[in-house]
> 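Have a look at this one.
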Amino acid sequence: MIHFSNDLQAFRAWLEGQSFSQICVLTDENTAVHCYPLLAEALAGFLPLHFSIPSGEQHKTLPTCETIWAYWLAQYLDRKALIINLGGGVVGDMGGFCAATYKRGIQFVQMPTTLLAQVDASVGGKLGIDFQGYKNVIGSFQEPIAVWINTDFLKTLPARELRAGMGEVLKYSFISPSFEVDWTNLACIVRESVAVKKAIVETDYQEQGLRKILNFGHTIGHALETYFLLNKTETLLHGEAVAEGMLAEAYLSMRYAGLGQASFEVISERIRAYFPETLSLTESEIQAIAHLACQDKKNIAQEIRCVLLEEVGKAVFDVPITVQDIMDALIFTVGNRD
Ligand SMILES: NC(=O)c1ccc[n+]([C@@H]2O[C@H](COP(=O)([O-])OP(=O)(O)OC[C@H]3O[C@@H](n4cnc5c(N)ncnc54)[C@H](O)[C@@H]3O)[C@@H](O)[C@H]2O)c1
(Lines give C-alpha, C1' and ligand atoms only; values in the text may rest on other atoms or scores of the structure.)
Protein backbone atom coordinates (compact mmCIF):
# COMPACT_ATOMS: atom_id res chain seq x y z
CA MET A 1 0.00 0.00 0.00
CA ILE A 2 1.41 3.39 -0.97
CA HIS A 3 0.51 6.30 1.30
CA PHE A 4 1.08 9.90 0.22
CA SER A 5 1.12 11.91 3.42
CA ASN A 6 3.21 14.69 4.90
CA ASP A 7 1.67 14.01 8.30
CA LEU A 8 3.94 11.74 10.34
CA GLN A 9 1.14 11.39 12.89
CA ALA A 10 -0.80 9.50 10.21
CA PHE A 11 2.12 7.09 9.99
CA ARG A 12 2.12 6.76 13.77
CA ALA A 13 -1.60 5.98 13.73
CA TRP A 14 -0.99 3.31 11.06
CA LEU A 15 1.81 1.82 13.17
CA GLU A 16 -0.45 1.75 16.24
CA GLY A 17 -2.83 -0.44 14.26
CA GLN A 18 -0.08 -3.04 13.67
CA SER A 19 1.54 -5.43 16.13
CA PHE A 20 5.29 -5.68 15.71
CA SER A 21 7.58 -7.07 18.40
CA GLN A 22 10.28 -4.46 17.73
CA ILE A 23 10.84 -1.59 15.33
CA CYS A 24 14.21 -0.62 13.90
CA VAL A 25 14.76 2.49 11.79
CA LEU A 26 17.56 2.24 9.23
CA THR A 27 19.11 5.51 8.09
CA ASP A 28 22.31 6.64 6.45
CA GLU A 29 24.53 9.30 7.96
CA ASN A 30 22.59 12.16 6.30
CA THR A 31 19.05 10.97 6.86
CA ALA A 32 20.06 10.26 10.47
CA VAL A 33 20.61 14.01 10.84
CA HIS A 34 17.91 15.46 8.56
CA CYS A 35 15.03 12.98 8.68
CA TYR A 36 15.34 10.71 11.71
CA PRO A 37 14.67 13.45 14.31
CA LEU A 38 11.30 14.21 12.66
CA LEU A 39 10.32 10.54 12.64
CA ALA A 40 11.59 9.93 16.18
CA GLU A 41 9.54 12.87 17.44
CA ALA A 42 6.40 11.51 15.77
CA LEU A 43 7.10 8.06 17.22
CA ALA A 44 7.75 9.29 20.77
CA GLY A 45 6.85 6.48 23.17
CA PHE A 46 7.48 3.73 20.61
CA LEU A 47 11.20 3.49 21.44
CA PRO A 48 12.36 2.31 18.02
CA LEU A 49 15.89 1.03 17.57
CA HIS A 50 18.03 3.07 15.20
CA PHE A 51 20.93 1.91 13.05
CA SER A 52 22.78 4.14 10.64
CA ILE A 53 25.11 3.29 7.76
CA PRO A 54 27.57 5.45 5.78
CA SER A 55 25.92 7.25 2.87
CA GLY A 56 26.54 6.69 -0.82
CA GLU A 57 26.41 4.07 -3.54
CA GLN A 58 29.92 2.83 -2.66
CA HIS A 59 28.44 1.42 0.57
CA LYS A 60 25.59 -0.49 -1.11
CA THR A 61 27.56 -3.68 -0.60
CA LEU A 62 27.67 -6.99 1.25
CA PRO A 63 30.01 -5.70 4.02
CA THR A 64 27.44 -3.00 4.87
CA CYS A 65 24.69 -5.64 4.92
CA GLU A 66 26.78 -7.61 7.38
CA THR A 67 26.89 -4.64 9.76
CA ILE A 68 23.09 -4.30 9.50
CA TRP A 69 22.42 -8.00 10.11
CA ALA A 70 24.93 -8.05 12.97
CA TYR A 71 23.13 -5.15 14.65
CA TRP A 72 19.73 -6.80 14.28
CA LEU A 73 21.08 -10.05 15.72
CA ALA A 74 22.73 -8.22 18.63
CA GLN A 75 19.35 -6.58 19.35
CA TYR A 76 17.59 -9.98 19.19
CA LEU A 77 15.28 -8.86 16.39
CA ASP A 78 12.80 -11.64 15.75
CA ARG A 79 10.58 -12.48 12.80
CA LYS A 80 7.82 -10.18 14.07
CA ALA A 81 10.07 -7.11 13.94
CA LEU A 82 9.60 -4.21 11.53
CA ILE A 83 12.34 -2.33 9.69
CA ILE A 84 11.69 1.25 8.57
CA ASN A 85 14.01 2.21 5.71
CA LEU A 86 14.31 5.98 6.08
CA GLY A 87 16.50 7.20 3.26
CA GLY A 88 17.19 7.30 -0.44
CA GLY A 89 17.38 4.41 -2.87
CA VAL A 90 20.53 3.04 -1.26
CA VAL A 91 18.92 2.65 2.18
CA GLY A 92 15.67 1.38 0.62
CA ASP A 93 17.26 -1.19 -1.71
CA MET A 94 19.79 -2.44 0.85
CA GLY A 95 17.58 -2.23 3.96
CA GLY A 96 14.82 -4.03 2.06
CA PHE A 97 17.25 -6.70 0.88
CA CYS A 98 18.56 -7.21 4.42
CA ALA A 99 15.00 -7.45 5.77
CA ALA A 100 13.87 -9.83 3.01
CA THR A 101 16.70 -12.23 3.84
CA TYR A 102 17.04 -11.85 7.65
CA LYS A 103 15.63 -14.95 9.36
CA ARG A 104 14.08 -15.78 5.95
CA GLY A 105 12.28 -12.46 5.79
CA ILE A 106 10.86 -9.80 8.10
CA GLN A 107 8.49 -6.92 7.31
CA PHE A 108 9.75 -3.54 6.22
CA VAL A 109 8.38 -0.11 5.38
CA GLN A 110 9.89 2.09 2.68
CA MET A 111 9.99 5.74 3.78
CA PRO A 112 11.87 7.37 0.86
CA THR A 113 13.59 10.70 1.48
CA THR A 114 15.06 11.52 -1.96
CA LEU A 115 13.11 12.47 -5.06
CA LEU A 116 14.63 9.49 -6.87
CA ALA A 117 13.50 7.05 -4.18
CA GLN A 118 10.03 8.63 -3.96
CA VAL A 119 9.36 8.47 -7.71
CA ASP A 120 11.08 5.16 -8.39
CA ALA A 121 13.17 3.07 -5.98
CA SER A 122 10.57 2.71 -3.20
CA VAL A 123 7.91 1.39 -5.57
CA GLY A 124 7.86 -2.05 -7.18
CA GLY A 125 9.60 -4.35 -4.70
CA LYS A 126 13.06 -4.51 -6.30
CA LEU A 127 15.73 -4.85 -3.62
CA GLY A 128 19.44 -5.40 -3.86
CA ILE A 129 23.06 -4.45 -3.56
CA ASP A 130 26.03 -3.97 -5.85
CA PHE A 131 28.66 -6.70 -6.10
CA GLN A 132 32.18 -6.40 -7.51
CA GLY A 133 31.09 -2.94 -8.65
CA TYR A 134 28.21 -4.27 -10.75
CA LYS A 135 24.93 -2.55 -10.02
CA ASN A 136 22.22 -4.43 -8.16
CA VAL A 137 23.42 -7.87 -9.26
CA ILE A 138 22.59 -9.46 -5.90
CA GLY A 139 18.99 -8.95 -4.90
CA SER A 140 15.41 -10.09 -4.74
CA PHE A 141 11.82 -9.04 -5.28
CA GLN A 142 9.87 -8.42 -2.08
CA GLU A 143 7.07 -5.93 -1.45
CA PRO A 144 7.26 -3.77 1.67
CA ILE A 145 4.28 -3.88 4.00
CA ALA A 146 3.79 -0.19 3.12
CA VAL A 147 5.42 2.76 1.39
CA TRP A 148 5.04 6.14 3.06
CA ILE A 149 5.88 9.07 0.77
CA ASN A 150 6.36 12.40 2.53
CA THR A 151 7.56 15.21 0.27
CA ASP A 152 8.51 17.35 3.29
CA PHE A 153 11.65 15.21 3.57
CA LEU A 154 12.80 16.67 0.24
CA LYS A 155 13.26 20.11 1.85
CA THR A 156 16.75 19.18 3.10
CA LEU A 157 17.82 17.29 -0.01
CA PRO A 158 20.87 18.87 -1.74
CA ALA A 159 20.00 20.49 -5.10
CA ARG A 160 22.20 18.07 -7.04
CA GLU A 161 20.37 15.08 -5.54
CA LEU A 162 16.99 16.65 -6.31
CA ARG A 163 18.05 17.14 -9.92
CA ALA A 164 19.30 13.55 -10.14
CA GLY A 165 15.80 12.41 -9.21
CA MET A 166 14.52 14.30 -12.24
CA GLY A 167 16.46 11.82 -14.38
CA GLU A 168 13.98 9.08 -13.50
CA VAL A 169 11.04 11.50 -13.83
CA LEU A 170 12.17 12.36 -17.37
CA LYS A 171 12.32 8.62 -18.06
CA TYR A 172 8.60 8.32 -17.31
CA SER A 173 7.92 11.22 -19.65
CA PHE A 174 9.76 9.31 -22.44
CA ILE A 175 8.27 5.83 -21.92
CA SER A 176 4.70 6.68 -20.96
CA PRO A 177 2.18 7.84 -23.55
CA SER A 178 0.19 9.75 -20.94
CA PHE A 179 2.68 11.44 -18.60
CA GLU A 180 1.33 14.92 -17.84
CA VAL A 181 2.57 17.00 -14.92
CA ASP A 182 2.89 20.52 -13.64
CA TRP A 183 6.70 20.61 -13.79
CA THR A 184 6.81 23.27 -11.05
CA ASN A 185 4.92 21.15 -8.53
CA LEU A 186 7.02 18.45 -6.83
CA ALA A 187 4.08 16.74 -5.14
CA CYS A 188 2.34 16.45 -8.52
CA ILE A 189 5.52 15.10 -10.15
CA VAL A 190 5.89 12.47 -7.42
CA ARG A 191 2.27 11.30 -7.62
CA GLU A 192 2.20 11.07 -11.42
CA SER A 193 5.56 9.25 -11.53
CA VAL A 194 4.42 6.72 -8.93
CA ALA A 195 1.17 6.20 -10.86
CA VAL A 196 3.12 5.37 -14.05
CA LYS A 197 5.53 3.03 -12.27
CA LYS A 198 2.79 1.29 -10.27
CA ALA A 199 0.67 0.68 -13.37
CA ILE A 200 3.60 -0.90 -15.22
CA VAL A 201 4.76 -3.00 -12.26
CA GLU A 202 1.25 -4.33 -11.66
CA THR A 203 1.13 -5.81 -15.16
CA ASP A 204 4.54 -7.54 -14.86
CA TYR A 205 5.90 -7.75 -11.32
CA GLN A 206 8.77 -10.18 -12.07
CA GLU A 207 9.96 -8.18 -15.10
CA GLN A 208 9.34 -10.85 -17.72
CA GLY A 209 8.11 -8.33 -20.29
CA LEU A 210 6.65 -4.82 -20.12
CA ARG A 211 8.35 -3.88 -16.83
CA LYS A 212 11.64 -3.90 -18.71
CA ILE A 213 10.73 -0.54 -20.26
CA LEU A 214 11.40 1.04 -16.86
CA ASN A 215 15.05 0.32 -17.66
CA PHE A 216 15.17 2.85 -20.49
CA GLY A 217 18.52 4.61 -20.13
CA HIS A 218 19.79 2.04 -17.65
CA THR A 219 21.81 -0.31 -19.88
CA ILE A 220 24.28 2.44 -20.67
CA GLY A 221 23.44 4.36 -17.47
CA HIS A 222 24.42 1.48 -15.19
CA ALA A 223 27.62 0.93 -17.17
CA LEU A 224 28.51 4.61 -16.73
CA GLU A 225 27.64 4.51 -13.03
CA THR A 226 29.73 1.36 -12.48
CA TYR A 227 32.68 2.83 -14.40
CA PHE A 228 32.65 6.00 -12.30
CA LEU A 229 32.28 4.02 -9.06
CA LEU A 230 35.25 1.81 -9.85
CA ASN A 231 37.59 4.17 -11.69
CA LYS A 232 36.91 7.88 -11.20
CA THR A 233 37.36 10.23 -8.28
CA GLU A 234 34.43 12.44 -9.31
CA THR A 235 30.97 11.05 -8.56
CA LEU A 236 28.24 10.38 -11.07
CA LEU A 237 24.88 10.02 -9.33
CA HIS A 238 22.46 7.30 -10.41
CA GLY A 239 19.97 9.79 -11.87
CA GLU A 240 22.76 11.62 -13.71
CA ALA A 241 24.02 8.36 -15.20
CA VAL A 242 20.47 7.46 -16.27
CA ALA A 243 20.08 10.87 -17.95
CA GLU A 244 23.26 10.30 -20.00
CA GLY A 245 22.19 6.71 -20.65
CA MET A 246 18.79 7.85 -21.98
CA LEU A 247 20.44 10.24 -24.39
CA ALA A 248 22.75 7.53 -25.71
CA GLU A 249 19.89 5.02 -25.94
CA ALA A 250 17.72 7.60 -27.72
CA TYR A 251 20.54 7.85 -30.27
CA LEU A 252 20.44 4.06 -30.71
CA SER A 253 16.66 4.29 -30.99
CA MET A 254 17.18 6.21 -34.24
CA ARG A 255 19.41 3.39 -35.47
CA TYR A 256 17.26 0.41 -34.44
CA ALA A 257 13.73 1.47 -33.46
CA GLY A 258 12.78 4.06 -36.02
CA LEU A 259 12.86 7.07 -33.68
CA GLY A 260 12.78 10.19 -35.83
CA GLN A 261 15.50 12.86 -35.75
CA ALA A 262 12.97 15.48 -34.55
CA SER A 263 11.91 13.26 -31.63
CA PHE A 264 15.55 12.68 -30.75
CA GLU A 265 16.04 16.46 -30.61
CA VAL A 266 13.02 16.81 -28.28
CA ILE A 267 14.47 14.15 -25.94
CA SER A 268 17.92 15.69 -26.08
CA GLU A 269 16.61 19.19 -25.28
CA ARG A 270 14.51 17.89 -22.38
CA ILE A 271 17.51 16.06 -20.88
CA ARG A 272 19.99 18.88 -21.45
CA ALA A 273 17.56 21.39 -19.87
CA TYR A 274 18.20 19.60 -16.56
CA PHE A 275 21.64 18.11 -17.25
CA PRO A 276 23.47 20.65 -19.44
CA GLU A 277 27.03 19.56 -18.68
CA THR A 278 28.36 16.66 -20.76
CA LEU A 279 30.72 14.00 -19.44
CA SER A 280 34.38 14.09 -20.33
CA LEU A 281 35.48 10.63 -21.48
CA THR A 282 38.45 9.36 -23.47
CA GLU A 283 38.07 6.71 -26.15
CA SER A 284 39.56 4.02 -23.94
CA GLU A 285 37.11 4.98 -21.17
CA ILE A 286 34.19 4.78 -23.60
CA GLN A 287 35.42 1.35 -24.67
CA ALA A 288 35.63 0.15 -21.06
CA ILE A 289 32.14 1.50 -20.30
CA ALA A 290 30.66 -0.25 -23.34
CA HIS A 291 32.17 -3.55 -22.19
CA LEU A 292 30.68 -3.13 -18.71
CA ALA A 293 27.21 -3.28 -20.30
CA CYS A 294 27.90 -6.97 -21.03
CA GLN A 295 27.03 -7.69 -17.37
CA ASP A 296 23.62 -5.99 -17.55
CA LYS A 297 20.82 -8.01 -15.94
CA LYS A 298 18.60 -7.70 -19.00
CA ASN A 299 21.09 -9.47 -21.28
CA ILE A 300 20.20 -12.86 -22.70
CA ALA A 301 22.78 -15.48 -23.76
CA GLN A 302 25.52 -12.84 -23.40
CA GLU A 303 23.78 -10.60 -25.92
CA ILE A 304 23.18 -7.02 -24.76
CA ARG A 305 19.44 -6.31 -24.73
CA CYS A 306 18.31 -2.73 -24.53
CA VAL A 307 15.11 -0.68 -24.16
CA LEU A 308 14.70 1.71 -27.07
CA LEU A 309 12.05 4.20 -28.15
CA GLU A 310 10.01 3.94 -31.33
CA GLU A 311 8.70 7.38 -30.48
CA VAL A 312 8.29 9.51 -27.36
CA GLY A 313 5.81 7.57 -25.21
CA LYS A 314 6.38 4.23 -26.96
CA ALA A 315 9.21 2.02 -25.70
CA VAL A 316 10.26 -1.41 -26.96
CA PHE A 317 12.36 -3.89 -24.99
CA ASP A 318 14.82 -6.75 -25.61
CA VAL A 319 16.39 -5.03 -28.64
CA PRO A 320 19.83 -6.58 -29.27
CA ILE A 321 22.67 -4.07 -29.47
CA THR A 322 26.44 -4.47 -29.58
CA VAL A 323 29.40 -3.09 -27.67
CA GLN A 324 30.24 -1.09 -30.81
CA ASP A 325 26.72 0.45 -30.81
CA ILE A 326 27.25 1.66 -27.25
CA MET A 327 30.62 3.15 -28.17
CA ASP A 328 29.09 4.91 -31.20
CA ALA A 329 26.26 6.28 -29.05
CA LEU A 330 28.58 7.60 -26.34
CA ILE A 331 30.95 9.14 -28.87
CA PHE A 332 27.94 10.88 -30.45
CA THR A 333 26.34 12.08 -27.21
CA VAL A 334 29.28 12.89 -24.92
CA GLY A 335 32.09 13.01 -27.46
CA ASN A 336 35.56 11.58 -27.40
CA ARG A 337 37.87 13.80 -25.29
CA ASP A 338 41.19 12.39 -26.52
N1 LIG B 1 14.68 -0.53 -6.43
C2 LIG B 1 14.45 0.15 -7.52
O3 LIG B 1 13.48 -0.09 -8.25
C4 LIG B 1 15.37 1.29 -7.87
C5 LIG B 1 14.99 2.22 -8.85
C6 LIG B 1 15.84 3.29 -9.11
C7 LIG B 1 17.02 3.43 -8.40
N8 LIG B 1 17.36 2.51 -7.48
C9 LIG B 1 18.61 2.64 -6.71
O10 LIG B 1 18.53 3.81 -5.93
C11 LIG B 1 19.87 4.25 -5.63
C12 LIG B 1 19.93 5.75 -5.80
O13 LIG B 1 19.06 6.34 -4.87
P14 LIG B 1 19.23 7.86 -4.42
O15 LIG B 1 19.45 8.70 -5.60
O16 LIG B 1 18.10 8.13 -3.52
O17 LIG B 1 20.63 7.85 -3.65
P18 LIG B 1 21.05 7.77 -2.10
O19 LIG B 1 20.22 6.82 -1.37
O20 LIG B 1 22.52 7.58 -2.11
O21 LIG B 1 20.73 9.24 -1.57
C22 LIG B 1 21.38 10.32 -2.13
C23 LIG B 1 22.06 11.21 -1.08
O24 LIG B 1 21.10 12.03 -0.45
C25 LIG B 1 21.21 11.91 0.98
N26 LIG B 1 19.84 12.12 1.49
C27 LIG B 1 18.81 11.30 1.36
N28 LIG B 1 17.69 11.89 1.80
C29 LIG B 1 18.04 13.11 2.24
C30 LIG B 1 17.32 14.20 2.79
N31 LIG B 1 16.00 14.15 2.91
N32 LIG B 1 18.01 15.30 3.15
C33 LIG B 1 19.35 15.36 2.97
N34 LIG B 1 20.08 14.38 2.43
C35 LIG B 1 19.43 13.26 2.06
C36 LIG B 1 21.78 10.55 1.19
O37 LIG B 1 22.44 10.47 2.42
C38 LIG B 1 22.77 10.44 0.04
O39 LIG B 1 23.96 11.12 0.36
C40 LIG B 1 20.78 3.50 -6.57
O41 LIG B 1 21.50 2.54 -5.84
C42 LIG B 1 19.85 2.84 -7.55
O43 LIG B 1 20.36 1.63 -8.05
C44 LIG B 1 16.55 1.46 -7.19
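Numbering of ligands and ligand atoms starts at 1, following listing order.
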> Is there a side-chain contact between V201 and L214, using heavy atoms and a 4.5 Å cut-off?
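The answer is yes, as the side chains (C-beta and beyond) meet within the 4.5 Å cut-off.
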> N/O of K135 under 3.5 Å from N/O of ligand 1, yes or no?
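So ligand 1 has an N or O lying under 3.5 Å from an N or O of K135.
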> Applying a 4.0 Å heavy-atom criterion (strictly less than), which segment of S55 is in contact with ligand 1: side chain, backbone, both, or neither?
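It is the side chain that touches ligand 1; the backbone stays farther off.
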> Is any N or O atom of T113, backbone or side chain, closer than 3.5 Å to an N or O atom of ligand 1?
yes
> Within the structure provided, determine whether K212 and D318 are in side-chain contact (heavy-atom separation under 4.5 Å).
yes
> Side chain, backbone, both or neither: which part of K126 comes within less than 4.0 Å of ligand 1 when only heavy atoms are counted?
both
> How far is atom 10 (O) of ligand 1 from the closest protein heavy atom, and which atom is that?
G89 CA, 3.3 Å
> Note the single closest protein heavy atom to atom 39 (O) of ligand 1, along with its residue, its atom name and the distance in Å.
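Its nearest protein heavy-atom neighbour is N30 ND2, 3.2 Å.
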> Closer than 4.0 angstrom, basic N to acidic O: yes or no for E225 and K60?
no
> Quick check on contacts: which atoms of ligand 1 are under 4.0 angstrom from a heavy atom of C35?
30 (C), 31 (N)
> With only distance considered, is V91 within less than 3.5 Å of ligand 1 through an N or O on each side?
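No, there is no polar N/O contact under 3.5 Å.
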> When only distance counts, is H222 in polar contact with ligand 1, meaning an N/O pair under 3.5 Å?
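Looking only at distances, the answer is no, because the N/O contact criterion of under 3.5 Å is not met.
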> What protein heavy atom sits nearest atom 27 (C) of ligand 1, and how far off is it?
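Ranked first by proximity to atom 27 (C) of ligand 1 is T114 CG2, 3.3 Å.
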> Ignoring hydrogens and angles, state whether a donor on the side chain of T67 or T64 is under 3.5 Å from an acceptor on the partner side chain.
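No - no donor-acceptor pair under 3.5 Å links their side chains.
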> Quick one: look up the protein heavy atom nearest atom 41 (O) of ligand 1 and list residue, atom name and how far away it is.
E57 OE1, 2.5 Å
> Can you tell me how the ring of W69 sits relative to the ring of F97, calling it parallel under 30°, perpendicular over 60° and tilted otherwise?
tilted
> Tell me, please: is A164 in heavy-atom contact with ligand 1, that is, under 4.0 Å?
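The answer is no: ligand 1 sits nowhere under 4.0 Å from a heavy atom of A164.
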> Regarding ligand 1, does L127 bring an N or O atom to under 3.5 Å of one of the ligand's N or O atoms?
no
> Would you call the rings of W14 and F20 parallel, tilted or perpendicular if under 30° counts as parallel and over 60° as perpendicular?
tilted
> For E168, is there an ion pair with K197 - N to carboxylate O distance below 4.0 angstrom?
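Judged by the 4.0 Å cut-off on N to carboxylate O distance, K197 and E168 do not form a salt bridge.
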> Is it the case that R191 places NZ or CZ above or below the six-membered ring of F4, under 6.0 angstrom from the centre and within 45 degrees of the axis?
yes
> Are E192 and K198 within salt-bridge range, i.e. N to O under 4.0 Å?
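No, this pair does not count.
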> Heavy atom to atom 5 (C) of ligand 1, shortest distance: which of T27, V33, D120 holds it?
D120
> Does K197 have a non-hydrogen atom less than 4.0 Å from ligand 1?
yes
> In the protein, what heavy atom is nearest to atom 26 (N) of ligand 1, and what distance, to one decimal place, separates them?
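It is L157 CD1, 3.9 Å.
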> Just by distance, do the side chain of D28 and the backbone of P54 share a donor-acceptor pair under 3.5 Å?
no
> At the 4.0 Å heavy-atom cut-off, does P158 count as touching ligand 1?
yes
> Could you state whether L292 and I304 fall into the same hydrophobic cluster, counting links through intermediate Ile, Leu, Val, Met, Phe, Trp or Tyr residues with side-chain heavy atoms under 4.5 angstrom apart?
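Hydrophobic grouping puts L292 with I304.
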> Do S193 and D120 have side-chain N/O donor and acceptor atoms under 3.5 Å apart?
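No pair is found: no donor N or O on one side chain lies under 3.5 Å from an acceptor on the other.
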> Determine whether the side chain, the backbone, both or neither of L154 has a heavy atom under 4.0 Å from any heavy atom of ligand 1.
neither
> Nearest protein heavy atom to atom 44 (C) of ligand 1, by residue and atom, and its distance?
D93 OD2, 3.1 Å
> Distance to 0.1 Å, residue and atom name: give those for the protein heavy atom nearest to atom 20 (O) of ligand 1.
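Protein heavy atom at minimum distance: V90 CG2, 3.4 Å.
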> Please state which part of L116 comes within less than 4.0 Å of ligand 1, counting heavy atoms only: side chain, backbone, both or neither.
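Within the 4.0 Å criterion, L116 contacts ligand 1 through side-chain atoms alone.
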> Under 3.5 Å, is there a donor-acceptor pair between the Q287 and E283 side chains?
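Absent: no donor and acceptor within the cut-off.
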> Looking only at protein heavy atoms, which one is nearest to atom 2 (C) of ligand 1, and what is the separation?
A121 CA, 3.5 Å
> Are I68 and L73 connected, step by step, through hydrophobic side chains (Ile, Leu, Val, Met, Phe, Trp, Tyr) whose heavy atoms are closer than 4.5 Å?
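Looking at the clustering, L73 is in the same group as I68.
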> Using heavy-atom distances, let me know which of L237, T156, D28 sits nearest atom 30 (C) of ligand 1.
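Among L237, T156, D28, the closest heavy atom to atom 30 (C) of ligand 1 belongs to T156.
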> For ligand 1, find out whether one of its N or O atoms is nearer than 3.5 Å to an N or O atom of F153.
yes
> Which of the atoms of ligand 1 are close to T31, meaning less than 4.0 Å from one of its heavy atoms?
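Here the atoms of ligand 1 in question are 27 (C), 28 (N), 29 (C).
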> Scan side-chain atoms only and decide if E285 and N231 contain a donor-acceptor pair under the 3.5 Å cut-off.
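Not at all, the side chains of E285 and N231 share no donor-acceptor pair under 3.5 Å.
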> Which is it for K60 and ligand 1 at heavy atoms under 4.0 Å: side chain, backbone, both or neither?
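Under 4.0 Å from ligand 1, K60 contributes side-chain atoms alone.
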